[in-house]
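The residues of the chain are indexed from 1 along the displayed sequence. Only a predicted model underlies this, so the values are computations on that prediction, with no experimental measurement involved. FYI, side chains are in, hydrogens and waters are out, and symmetry mates aren't considered; it's all heavy atoms of this structure. Atoms within a ligand are numbered from 1 in the order they appear, just like the ligands themselves.
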Amino acid sequence: MRLRIDIEKTGMKEDRIKIDRDLCNGCGLCVTVCPTGTISLNEGTAVVSGGESLLCGHCEAVCPQQAVRVIAIDEEMSRYATFSAEKTWLPHGKFPVSALVQLMASRRSCRSFLDKPVERAMLEDLIKIGITAPSGTNSQAWTFTVLPTKKAVASLAEQVASYFMRLNATAEKTLLRLFLRLIGKGELDAYYHGYYRKVKEALEEWQGSGKDRLFHGSTAVIVVGSRPGASCPAEDALLATQNILLAAHSMGLGSCLIGYAVAAMKRDPSVQKHIGIPAEEETHAVIALGYPDEIYQRIAGRKNVTPRYFEV
Ligand SMILES: Cc1cc2nc3c(=O)[nH]c(=O)nc-3n(C[C@H](O)[C@H](O)[C@H](O)COP(=O)(O)O)c2cc1C
Ligand code: SF4
């Protein structure tokens, strides 16, 4: 029998969903899960009838006949070089929550790394794991910049340190701080009282003994950013970031978010430019990575949090 694989003609800019009409049994499951009403049943067969699609792949994942294919989905992104991943979908309630919580609580910010490079295949796998995260309207407008060597990390560290040296020099100007505060721009004064001294000490230590208090001697960095146009760029990037942090722990790596580097990259475009990130991209997270040189005996807890309820 000749296979009829038609690219459905739609109002979309490109035709990006293929439905094999010979395989389709008309069960309608793809219609039910589609968030945008893109697919409908026509004479017992699924057809692409809507003009928009998130290209989320729900239709492809739900189809018992393997009759749907979303062209935009790149299978390569689900193939990992350093481990093999199950392709079967894990139903709700089928993963032990105790194991999940143990992993989440065992991830600590690592500030002591071995002088050992992280394999590039691991860094690439981490990014693939990162992008399993959800994103607003499935825009996936995140970007990842990899600094795969200690030398590259040191080069970024120099730029960040130089930014903070300039910031500290400005913050030392008392009259300027007070004037800015008077006109409602209290950020410099807040920085002076909250961070100035700590940063000064770290910079002096770095210049004196070379101790890296910024990246803690990590041997790789992944910078997570966003391209313009995403509906929720920061949320998308940070969800991918948390995936990377958890996966890093699972893969034997330590990680630490470096907020100081994010601040420098946000406020001084030349820092971002130095590592090849275009000006139109926004940086949301800088993740220091490496083989950890620390062992904990137990999981640490958190402060008390009281949820607020709203009920009617
Ligand atoms: C947005 C953000 C920025 C951070 N920036 C830094 C940083 O610049 N340097 C650092 O050593 N740790 C940084 N951290 C790590 C926090 O200090 C750490 O997450 C917190 O103390 C809790 O410890 P844990 O991560 O081990 O659970 C940052 C964490 C977050 C979430
Ligand atoms: S889920 Fe698959 S078999 Fe069911 S209607 Fe959609 S394309 Fe056809």
- Task: Report the nearest protein non-hydrogen atom to atom 19 (O) of ligand 1: residue, atom name, distance rounded to 0.1 Å.
- Result: Ser109 OG, 3.2 Å
- Around atom 23 (O) of ligand 1, find the nearest protein heavy atom and jot down its residue, atom name and distance.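 Of every protein heavy atom, Arg108 NH2, 3.8 Å lies nearest to atom 23 (O) of ligand 1.
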Salt-bridge contact [X]-[Y] (side-chain N to carboxylate O under 4.0 Å):
{"X": "Lys198", "Y": "Glu201", "result": "no"}
{"X": "Lys200", "Y": "Glu204", "result": "yes"}
{"X": "Glu280", "Y": "Arg227", "result": "no"}

- Message: Using the rule that Ile, Leu, Val, Met, Phe, Trp and Tyr join whenever any side-chain heavy atoms are under 4.5 Å apart, tell me whether Tyr196 and Leu180 fall into a single cluster.
- Response: yes
- So which of His284, Arg213, Arg302 gets nearest to atom 27 (O) of ligand 1, if we judge by its closest heavy atom?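 Nearest option to atom 27 (O) of ligand 1, by heavy atoms: Arg302.
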- Task: Using heavy-atom distances, let me know which of Leu238, Thr241, Leu257, Leu214 sits nearest atom 28 (C) of ligand 1.
- Result: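 Among Leu238, Thr241, Leu257, Leu214, the closest heavy atom to atom 28 (C) of ligand 1 belongs to Leu257.
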State whether a side-chain donor-acceptor pair under 3.5 Å links [X] with [Y].
{"X": "Thr306", "Y": "Asn304", "result": "yes"}
{"X": "Asn243", "Y": "Thr132", "result": "yes"}
{"X": "Thr170", "Y": "Arg166", "result": "no"}

- Short N or O distance, Gly259 and ligand 1, threshold 3.5 Å exclusive: yes
- Message: Looking at atom 4 (C) of ligand 1, tell me if a protein heavy atom falls under 4.0 Å from it.
- Response: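 It does; a protein heavy atom is within 4.0 Å.
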- Is any heavy atom of the protein nearer than 4.0 Å to atom 7 (C) of ligand 1? yes
- Message: Within the 4.0 Å heavy-atom shell around Arg111, which atoms of ligand 1 are there?
- Response: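 Under 4.0 Å from Arg111, ligand 1 has these atoms: 10 (C), 11 (O), 12 (N), 15 (C), 16 (C), 17 (O), 18 (C).
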- Message: At less than 4.0 angstrom from any non-hydrogen atom of Cys256, what atoms of ligand 1 do you find?
- Response: 10 (C), 11 (O), 12 (N)
- Which pair of heavy atoms, one from His284 and one from Ser226, lies closest together, and at what distance?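 Looking at all heavy atoms of both residues, the closest pair is NE2-OG, 2.8 Å.
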- Partner set under salt bridge (charged side-chain N to carboxylate O under 4.0 Å, His left out) for Arg111, not counting sequence neighbours: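 Salt bridge (charged side-chain N to carboxylate O under 4.0 Å, His left out) list for Arg111, sorted by chain: empty.
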- Look at the rings of His92 and Trp89 and say which category their plane angle falls in: under 30° parallel, 30 to 60° tilted, over 60° perpendicular.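 Because their plane-to-plane angle is over 60°, the rings of His92 and Trp89 count as perpendicular.
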- Item | Protein-derived N, O or S atoms lying under 2.8 Å from atom 8 (Fe) of ligand 2, waters excluded | 1
